[in-house]
Amino acid sequence: MIDLQWIRANTELAKSRHSKRPNTSSEEIEHLIALDASRRSAQGKLDEAKTEANAAAQEVGKLFKTGQKDSAELLREKTKELKATTASLEQAMREANDALNAHWIQLPNLAFDEVPEGKNEEDNQEIRRSDRPCKEASATHWEIAERLNLLRMDLGVKLSGSGFPVYVGGMAKLQRGLVSYFLDEANKAGYAEFQVPHLVNEDSARATGQLPDKEAQMYEATLDGLFLIPTAEVPLTNLYRDALIHENDLPIKLTGYTPCFRREAGSYGKEVRGLNRLHQFDKVEVVQIVPPRDSKAAHQDMVHHVEALLDALEMPFRILNLCAGDLGFAAGITYDFEIWSPGQSRWLEVSSVSNFGTFQTNRLRLRYRDQDNNKIKPHTLNGSALAIPRIVSGLLEQGWDGEVVHLPKVLHAYVGMDRLTKQDVRL
RNA sequence: GGAGAGGUGGCAGAGUGGUAAUGCAGCGGAUUGCUAAUCCGUCAUCGUCUAAUAGCGAUGCCCGAGUUCGAGUCUCGGUCUCUCCGCCA
């Protein structure tokens with residue numbers, strides 16, 4: 001959640017940054033400040049009442065000890081009355097606190113200054129693109145996959161439903177190879193590798209901002225109060241929930257491969273053809289936790305990491321600075337990576353690299369001590385490096401020669417072959 | 001899933017119902033040829049006051065209810081960890 005102390009001190013700035021997003025108003029910030037003020041005044045009143053009650057209770061103890069039974073009994077009756085007062089003030093305090101939290105937690109992060117104005121994806125700002133040529137009109141990846149018998153959506157439907165693909169032979173190996181390749185590259189770039197749970201509890205989902213915003217996006221195991229992760233960001237970042245670390249531990253750089261589960265309710269048509277949008281897909285994620293002064297550099301660092309991966313895979317790509325309207329709930333700034341799909345003649349998102357500022361830190365209750373022993377809120381960042389099926393669809397369309405799919409050199413050793421050919425698996 | 005034991009600050013670790021010891025680490029200071037040692041202070045959160053400190057108040061002993069004038073301590077429910085049993089890749 002956004003930083004309340006900062007907003008108190010920089011109210012006007014907060015309003016303008018908040019209002020950059022569509023469907024927001026500066027009244028929401030004013031309301032937040034008002035709720036905070038009434039919470040604090042409620043606490044003041046409660047504190048006063050409790051001071052009195054505490055003193056009285058102590059006095060009773062003393063009177064009993066010194067044998068003054070009568071006056072003790074008298075005072076005891078009085079403190080009972082005090083109790084009623086504090087009880088009602090306590091109730092008021094709780095209500096003020098709940099009202100504050102209810103409003104606070106549903107406010108999105110403040111957009112960074114560098115975020116362009118805008119309502120939707122049309123207003124995103126292109127940062128740069130690779131100089132690799134974008135091939136024209138080839139076959140789509142689902143046509144290629146069908147020709148080579150690499151993908152069986154129908155079997156996935158039988159097992160689970162639409163959006164749960166079954167990959168066959170070389171395509172399965174390709175995905176496994178990509179996971180290894182991406183993890184190796186992340187390791188080389190200094191990210192420590194983790195294997196984490198694929199189901200998380202409510203606290204974890206709230207801390208990274210999936211709740212309450214994206215409740216409908218996640219699969220939920222209601223019987224156990226667990227959510228299937230929509231991204232490895234959730235378990236990886238939550239490793240540092242409720243933690244007090246030291247500046248010397250920073251920067252923290254984590255990576256992990258997990259499947260990602262997304263309900264994607266309401267998607268349809270060409271959006272969901274082939275591998276475009278899935279309920280389950282594999283992804284390698286990178287996460288950084290850094291001192292506030294370093295977060296912009298860390299963001300660039302992650303962008304360069306993703307860029308290098310796409311270059312090694314010989315992919316034509318472009319980088320977009322998402323406008324305020326397209327920015328996710330928890331993000332302060334996001335760069336999207338899109339690769340060119342010659343089969344579909346459009347750009348497809350393969351990575352999102354975001355800086356969250358202190359938004360997640362506040363929910364995580366994560367702090368670090370600096371050299372002077374001050375407690376500081378670090379910034380968190382994460383990015384896909386990379387989402388596997390979208391890369392696979394790109395590789396299929398880019399490498400297709402009408403007969404086989406040629407794989408980029410860097411993958412030959414990882415996949416154990418230099419091309420994908422027709423699979424003769426029978427089902 | 002069953003039985004038992006336990007959960008106290010960054011860490012370790014005390015605490016007959018009367019309002020959270022002590023040690024270590026950290027931070028500030030004092031002393032000191034250097035290093036080390038020693039001494040004093042500080043060292044959870046929120047609020048209040050302030051330019052900022054100091055000060056003052058409240059909260060805080062896994063979470064939530066309850067008993068009581070007063071709960072780390074007593075009662076109930078939950079949760080997590082450990083040990084044993086059962087089941088199991």
Side-chain angles (χ1 to χ4, degrees), chain A residues 1-10 32-105 195-207 221-227 235 238-250 252 289 291 358 361-378:
Chain A
M1 43 196 124
I2 49 183
D3 227 79
L4 202 38
Q5 292 102 316
W6 185 87
I7 288 172
R8 248 189 259 159
N10 303 277
L32 180 68
I33 289 173
L35 288 171
D36 177 49
S38 64
R39 201 220 100 222
R40 284 184 292 148
S41 109
Q43 178 171 355
K45 284 177 198 158
L46 177 62
D47 284 0
E48 250 174 73
K50 284 209 164 180
T51 308
E52 202 180 334
N54 285 347
Q58 251 181 83
E59 188 60 27
V60 173
K62 266 186 207 156
L63 289 174
F64 271 121
K65 264 190 183 166
T66 53
Q68 297 168 266
K69 247 186 162 180
D70 291 346
S71 33
E73 288 295 347
L74 210 68
L75 189 55
R76 199 157 135 183
E77 287 308 312
K78 232 178 136 183
T79 47
K80 273 188 182 170
E81 289 169 31
L82 279 174
K83 208 183 162 189
T85 326
T86 52
S88 77
L89 286 171
E90 227 155 45
Q91 177 66 18
M93 167 71 177
R94 198 172 309 135
E95 280 166 14
N97 208 19
D98 290 349
L100 172 64
N101 285 331
H103 180 62
W104 194 8
I105 200 158
Q195 257 187 356
V196 289
H198 300 165
L199 280 78
V200 295
N201 59 30
E202 209 176 298
D203 283 346
S204 295
R206 195 178 299 108
T222 50
L223 209 53
D224 299 289
L226 296 172
F227 295 90
N238 269 282
L239 292 172
Y240 285 88
R241 176 152 51 82
D242 285 315
L244 177 61
I245 55 182
H246 196 271
E247 183 163 7
N248 295 339
D249 301 328
L250 303 179
I252 288 162
I289 300 172
T358 57
T361 307
N362 281 325
R363 295 180 174 217
L364 290 161
R365 292 176 298 274
L366 167 63
R367 303 284 185 278
Y368 72 88
R369 282 198 198 278
D370 70 6
Q371 306 303 341
D372 300 325
N373 213 32
N374 297 312
K375 285 188 187 175
I376 314 280
K377 301 171 183 179

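So you know, we letter chains A, B, ... as the sequences are listed, proteins then strands, and number each from 1. Because only heavy atoms are used, hydrogens play no part in the values below, and waters and symmetry mates are left out as well, while side chains stay in.
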Assigned partner base of [N], Watson-Crick or wobble definition, under 3.5 Å:
N	result
B/A58	B/U45
B/A36	none
B/G1	B/C85
B/C74	B/G66

Give the rounded distance in Å between these two atoms: [atom1] of [X] and [atom2] of [N].
X	N	atom1	atom2	result
A/Lys50	B/G47	NZ	P	16 Å
A/Gln43	B/A58	CD	P	11 Å
A/Asn201	B/C63	CG	P	16 Å
A/Asp224	B/G1	CG	C1'	14 Å
A/Asn97	B/G47	CG	C1'	12 Å
A/Asp36	B/U48	CG	C1'	14 Å
A/Arg39	B/G47	CZ	C1'	7 Å
A/Lys45	B/A58	NZ	C1'	16 Å

If I pick the [atom1] atom on [M] and the same atom on [N], what distance separates them, to the nearest angstrom?
N	M	atom1	result
B/G13	B/C62	P	15 Å
B/U22	B/U81	C1'	26 Å
B/A3	B/G18	C1'	37 Å
B/G9	B/A58	P	22 Å
B/C43	B/A20	C1'	15 Å
B/G10	B/C74	P	24 Å
B/U53	B/G60	C1'	24 Å
B/C40	B/C82	P	41 Å

Inspect the contact between A/Arg40 and A/Asp36 and indicate whether a charged nitrogen and a carboxylate oxygen are less than 4.0 angstrom apart. yes
With the threshold set at 4.0 Å, does a side-chain nitrogen-carboxylate oxygen contact exist between A/Asp203 and A/Arg206? yes
Base, sugar-phosphate alone, or nothing: which one does [X] contact when heavy atoms must sit under 4.0 Å apart?
X	result
A/Arg8	sugar-phosphate
A/Asn54	sugar-phosphate
A/Arg367	nothing
A/Glu48	nothing

Nearest nucleotide by nearest heavy atom, which residue falls closer to the 5' end of RNA chain B, A/Val60 or A/Gly44? A/Gly44
Can you work out whether A/Asp47 or A/Ala53 has the more 5'-proximal nearest nucleotide on RNA chain B? A/Asp47
Specify the closest pair of heavy atoms between A/Arg241 and A/Ala207, including all atoms of both residues, with the distance to one decimal. CD-CB, 3.8 Å
Is atom CD of A/Glu202 surrounded by more than 12 heavy atoms (other residues, nucleotides or ligands) closer than 6.0 Å? no
Could you tell me whether A/Gln91 atom CD has more than 12 heavy atoms of other residues or ligands within 6.0 Å of it? yes
Closest listed nucleotide, where the reference is the side chain of A/Lys375 and the choices are B/U45, B/C43, B/A58: B/U45
Of B/C69, B/A44, B/A58, the nucleotide closest to the side chain of A/Ala57 is B/C69
Exactly one of A/Thr358, A/Ile245, A/Asp242, A/Asn238 should register a side chain to side chain contact (heavy atoms under 4.5 Å, CB included) with A/Leu366. Which one does? A/Ile245
Under a 3.5 Å distance rule, please check whether A/Asp249 uses its side chain to pair with a backbone N or O of A/His246 as donor and acceptor. yes
